[in-house]
Amino acid sequence: MKQEIEQAIVAAVKELFDVDESAELSRPDEQFGDYSTNVALRLAKQFGKNPREVAEQLSVKLRENLGDRVIDISVAGPGFINIRLSDATLLTGLTSSGQVPNTGKKILVEYSDPNPLKPLHAGHLYTTLVGDVIARLVESSGAETIRLNYGGDVGLHVGKSLWAIVRQLGGEYPEKLDEIPEPERPAWLGARYVEGNDAYEDDETAKAEIIAVNKKVYGLHETGDRDSAFAHVYWTVRQWSYEYFAHLYDQLGVVPFDRFIPESEVTALGTQTVKEHTGSVYQESEGAVVFDGEAYGLHTRVFINSEGLPTYEAKEVGLLETKWNDYHFDKSIVITANEQAQYMQVVFKSIEQFQAEPISRTTHLTHGFVKLTGGIKMSSRKGNIVSALDILEVARAAGAKSGRTPDETVTLAAVKYAFLKNRIGADIVYDPEESIALEGNSGPYLQYAHARARSILRKSENQQGGLTDLEADERMLVRKLTEYPEVIAKAAQELLPHLICTYLYELAQTFNRFYENNRVISDPREASRLQLVTLYANTLKDGLGLLGITAPESM
RNA sequence: GUACCCGUAGCUCAGCUGGAUAGAGCGAUGGCUUGCGGAGCCAUAGGUCGUAGGUUCGAAUCCUGUCGGGUACACCA
């Protein structure tokens, strides 16, 4: 429907002015019509003509070409062309299937990326939820979607944790780990990381020992050691971490990852590649291997440190190569926090020097921090962090406080929607009470709106159908419903999940306005209206589904 | 010091590939109410879009400066 009209405009422009000009339709205020275009304004600028005259000429041509598919085409304001569709045309928009522009393409989405032996904080929750939705969106656009999870099972943070773990155990005694009850393991590991981190900063002896432990861990991977006492400790606590991650993902109800790529898996490849290009792309400097980003307006970073160990940068090189070798992707999306933005630019710029193609297909999205309302600030150091599970806890507490019976489905909807409704990029302020509230722009509100619509449908035993000759209020709702595929397409194209949230909330408002003044059951137009309610409920359910939020039949 | 992100109503945010009177939610005030789930609907108040310039017929949107908040800048991830 939309494409048809866009094509008609392009054709009319070609016919009248003999130029190829794209014509993008936007959704104007209801008073102006169903669609609007500003091509006349752009053409007028191009040719130095009066925009209103151009618009008039175009609208005459469009009326001829579109015939009875439209009921009104008018010129307004500085030179907009507003188009009002006939009911019949508008209604075709309800049945048009969603676009699948990425059919046949392979798209990788990397997100969540927790590090074993480190606590999961609220930021991980954010990237996990955003990534889950981006992947769902990409999938809905027809692409073969591969969900990747990259995590640091080697590196200095592992050295810190492991140093503290061995110390706590009184030596390399893996059997002592069995004494720690399963539920306490995440917190126990978190505490060890904090100890290790503190010791590294405050104690020179400990620092040296931690560096040695770090090296030892790399050694385990190089030699394939799984049998020594030290190896037992390492592999056991590493496994604990992965179990803990799985537990969180399971609780969140996110789509399972297709593959976990631990850093240890890409270390060798990354190191080798950096070494191969040392002297050309990378340079030796002060005993380390660096990339001189300053030549490109960026900053310089170390890829292999003076201990001869690869840093995160070199591993990232190995990761990208692994992705490219294993998948030959059409597009690769990486989602991390803002703080990694400039670091990633340096890494990508360096890889671009010898592997331009995969870099040109890679998009790095970044998001801000999660703050709790009331000024509780989170620091990733010293252990006073808000963990991912804490967020769920405060949401549950807010739900309990509101006097309703706690329901995990509603809690999850509250948290997910609160995190997703803002545009990715800036920091977000999480307000548990607002998120769980049933009034206002919240996840539970939309769940409720859906349940309410289903309830109407359950109550009627009559047939539905015959949606024609729309009344004004019905038409408003139909118009809003036809926006859905356009919103999804845009959200998928621009990787902006919050567009779905905004739309669903507006849809619910549109429905409530309709419902306020119009009966459904035992109205002469019951059959038509039942169908409208069905379409509305299905759209809500589908949209919430893309957000990873379930839509219960009743609540 | 250099770079990146952010600055829109009291609060939390949409709007940003320039376009028609800047929109929501929460909070405030006032209505609707024997309602198919009112967890709603309607209305009022509240904004010189941080600020100063520039480009343009037209700027919240683009450019430059500036102020404020955050982040990154060599061997952490």
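Below, chain A is the first sequence line, B the second, and so on; all start at residue 1.
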Note to self: The criterion is side chain to side chain donor-acceptor pair (under 3.5 Å); which residues satisfy it with A/E526, sequence neighbours excluded?
What the structure shows: A/S460, A/N462
Margin query: From CD of A/E339 over to P of B/rA77, roughly how many Å is that when rounded to an integer?
Written below: 14 Å
Next item on the list: With heavy atoms under 4.0 Å as the rule, sort A/N441 into base, sugar-phosphate or nothing.
Entry: sugar-phosphate
Check: Can you name the residues that form a side chain to side chain donor-acceptor pair (under 3.5 Å) with A/E352, not counting sequence neighbours?
Finding: A/K349
Check: Using a heavy-atom distance cut-off of less than 4.0 Å, which residues of residues 508-518 of chain A contact RNA chain B?
Finding: A/Q509, A/N512, A/R513, A/Y515, A/E516, A/N518
Next item on the list: Please tell me which of the listed nucleotides, B/rA77, B/rG37, B/rA20, lies nearest to the side chain of A/E263?
Entry: B/rA77
Margin query: Give me the distance, rounded to whole Å, that separates B/rC63 from B/rG18 when you measure between the P atoms they each carry.
Written below: 11 Å
Check: With sugar-phosphate meaning primed atoms plus P, OP1 and OP2, does A/D292 contact a base, only sugar-phosphate, or nothing at under 4.0 Å between heavy atoms?
Finding: nothing
Notebook entry, point to check: How would you list, by chain and number, every residue that makes a ring pair (Phe, Tyr, Trp, His ring centres under 6.0 Å) with A/Y430, sequence neighbours excluded?
Noted result: A/F419
Next item on the list: Report yes if a donor N or O on one partner sits less than 3.5 Å from an acceptor N or O on the other, where the partners are the side chain of A/N38 and the base of B/rA20; otherwise report no.
Entry: no
Item checked: Check: B/rA74 base within 3.5 Å donor-acceptor of A/S306 side chain -> no
Margin query: Just to be sure I understand the rule, does A/S554 reach a base, reach only the sugar-phosphate, or reach nothing, if contact means heavy atoms closer than 4.0 Å?
Written below: base
Margin query: Can you say whether a donor on the side chain of A/Y445 sits under 3.5 Å from an acceptor on the base of B/rG25, or the other way round?
Written below: no
Next item on the list: Verify, without hydrogens or angle tests, whether A/N38 (side chain) and A/L41 (backbone) share a donor-acceptor contact under 3.5 angstrom.
Entry: no
Margin query: Considering only residues two or more places apart or on different chains, which pairs with a residue in residues 25-44 of chain A satisfy ring pair (Phe, Tyr, Trp, His ring centres under 6.0 Å)?
Written below: none
Check: Can you list the residues that meet the ring pair (Phe, Tyr, Trp, His ring centres under 6.0 Å) rule with A/H157, with sequence neighbours excluded?
Finding: none
Next item on the list: Would you mind classifying the nucleic acid contact of A/S460 as base, sugar-phosphate or nothing, using non-hydrogen atoms under 4.0 angstrom?
Entry: nothing
Next item on the list: Scan A/F32 against the nucleic acid and name what it touches under 4.0 Å (heavy atoms): base, sugar-phosphate only, or nothing.
Entry: base
Next item on the list: Using a 4.0 Å heavy-atom cut-off across all strands, classify A/S455 as base, sugar-phosphate, or nothing.
Entry: base
Notebook entry, point to check: Considering residues at least two apart in sequence or located in another chain, which fulfil the side chain to side chain donor-acceptor pair (under 3.5 Å) criterion with A/E24?
Noted result: none
Check: Can the ring centres of A/H277 and A/F291 be said to be less than 6.0 Å apart?
Finding: no
Next item on the list: Could you check which of B/rG37, B/rA74, B/rA77 has an atom nearest any side-chain atom of A/Y218?
Entry: B/rA77
Margin query: For B/rG15 and A/R423 - does any side-chain N or O of the residue sit under 4.0 Å from the phosphate oxygens OP1/OP2?
Written below: yes
Margin query: According to side-chain hydrogen bond (donor to acceptor under 3.5 Å, both in side chains), does anything in residues 507-516 of chain A pair up with another residue at least two apart or in another chain? List the pairs.
Written below: A/Y445-A/N512, A/R452-A/N512
Checklist line | Donor/acceptor link under 3.5 angstrom from A/T311 side chain onto base of B/rC75 | finding: no
Check: Do the side-chain N or O atoms of A/K118 get closer than 4.0 angstrom to the phosphate oxygens (OP1, OP2) of B/rA77?
Finding: no
Next item on the list: Mind checking A/S285 for me? I need base, sugar-phosphate or nothing, with any heavy atom below 4.0 Å counting as a touch.
Entry: base
Note to self: Looking at B/rG15, I'd like to know if its phosphate oxygens (OP1 or OP2) sit under 4.0 Å from a side-chain N or O belonging to A/H498.
What the structure shows: yes
Notebook entry, point to check: Counting only N and O atoms by type, is there a donor-acceptor contact under 3.5 Å from the side chain of A/R479 to the main-chain atoms of A/G33?
Noted result: yes
Notebook entry, point to check: Touch check for A/D523, heavy atoms < 4.0 angstrom, all strands: base, sugar-phosphate only, or nothing?
Noted result: nothing
Check: Starting at CG of A/D473 and ending at P of B/rC42, how long is that distance when rounded to a whole Å?
Finding: 11 Å
Next item on the list: Identify whether any heavy atom of A/Q342 sits under 4.0 Å from a base atom; if not, whether one sits that close to sugar-phosphate; answer base, sugar-phosphate or nothing.
Entry: base
Just the atom pairs and distances: protein N or O near nucleotides 54-63 of chain B's N or O, under 3.5 Å.
residue : atom : partner : partner atom : Å
B/rG58  : O6   : A/K45   : NZ           : 2.6

Notebook entry, point to check: Do the side-chain N and O atoms of A/Y296 and A/Q353 include a donor-acceptor pair separated by under 3.5 angstrom?
Noted result: yes
Margin query: Is it true that A/E313 and A/T311 share a donor-acceptor pair across their side chains at a distance under 3.5 Å?
Written below: yes
Notebook entry, point to check: What pairs with A/Q31 under side chain to side chain donor-acceptor pair (under 3.5 Å), at least two apart in sequence or on another chain?
Noted result: A/D29
Next item on the list: For A/A451, report the nucleic acid contact type (base, sugar-phosphate, nothing); a contact means any heavy atom under 4.0 Å.
Entry: base
Note to self: Please tell me whether A/Y312 and A/Y343 form a close aromatic pair, meaning their ring centres lie under 6.0 Å apart.
What the structure shows: yes
Next item on the list: Please list, by residue number, the residues of residues 344-352 of chain A whose heavy atoms come closer than 4.0 Å to an atom of RNA chain B; answer none if no residue qualifies.
Entry: none
Notebook entry, point to check: Near RNA chain B, under 4.0 Å by heavy atom, which residues of residues 524-535 of chain A?
Noted result: none
Check: When you measure from the side chain of A/H157, which nucleotide among B/rC16, B/rA77, B/rC41 comes out closest?
Finding: B/rA77
Next item on the list: Measure from the side-chain heavy atoms of A/Y200 and tell me the nearest of B/rC5, B/rA14, B/rC76.
Entry: B/rC76
Check: To the nearest angstrom, how far is A/E553 atom CD from B/rG37 atom C1'?
Finding: 14 Å
Check: With no hydrogens and no angle check, do the side chains of A/E474 and A/S528 hold a donor and an acceptor under 3.5 Å apart?
Finding: no
Notebook entry, point to check: Does A/N338 reach the main-chain N or O of A/G425 with its side chain, forming a donor-acceptor pair under 3.5 Å?
Noted result: yes
Checklist line | Nearest-angstrom distance, C1' atom, B/rA60 to B/rA20 | finding: 15 Å
Next item on the list: Can you figure out which of B/rG19, B/rC73, B/rG25 approaches the side chain of A/R301 most closely?
Entry: B/rC73
Notebook entry, point to check: Out of B/rA77, B/rG19, B/rA74, which has the shortest distance to the side chain of A/Q340?
Noted result: B/rA77
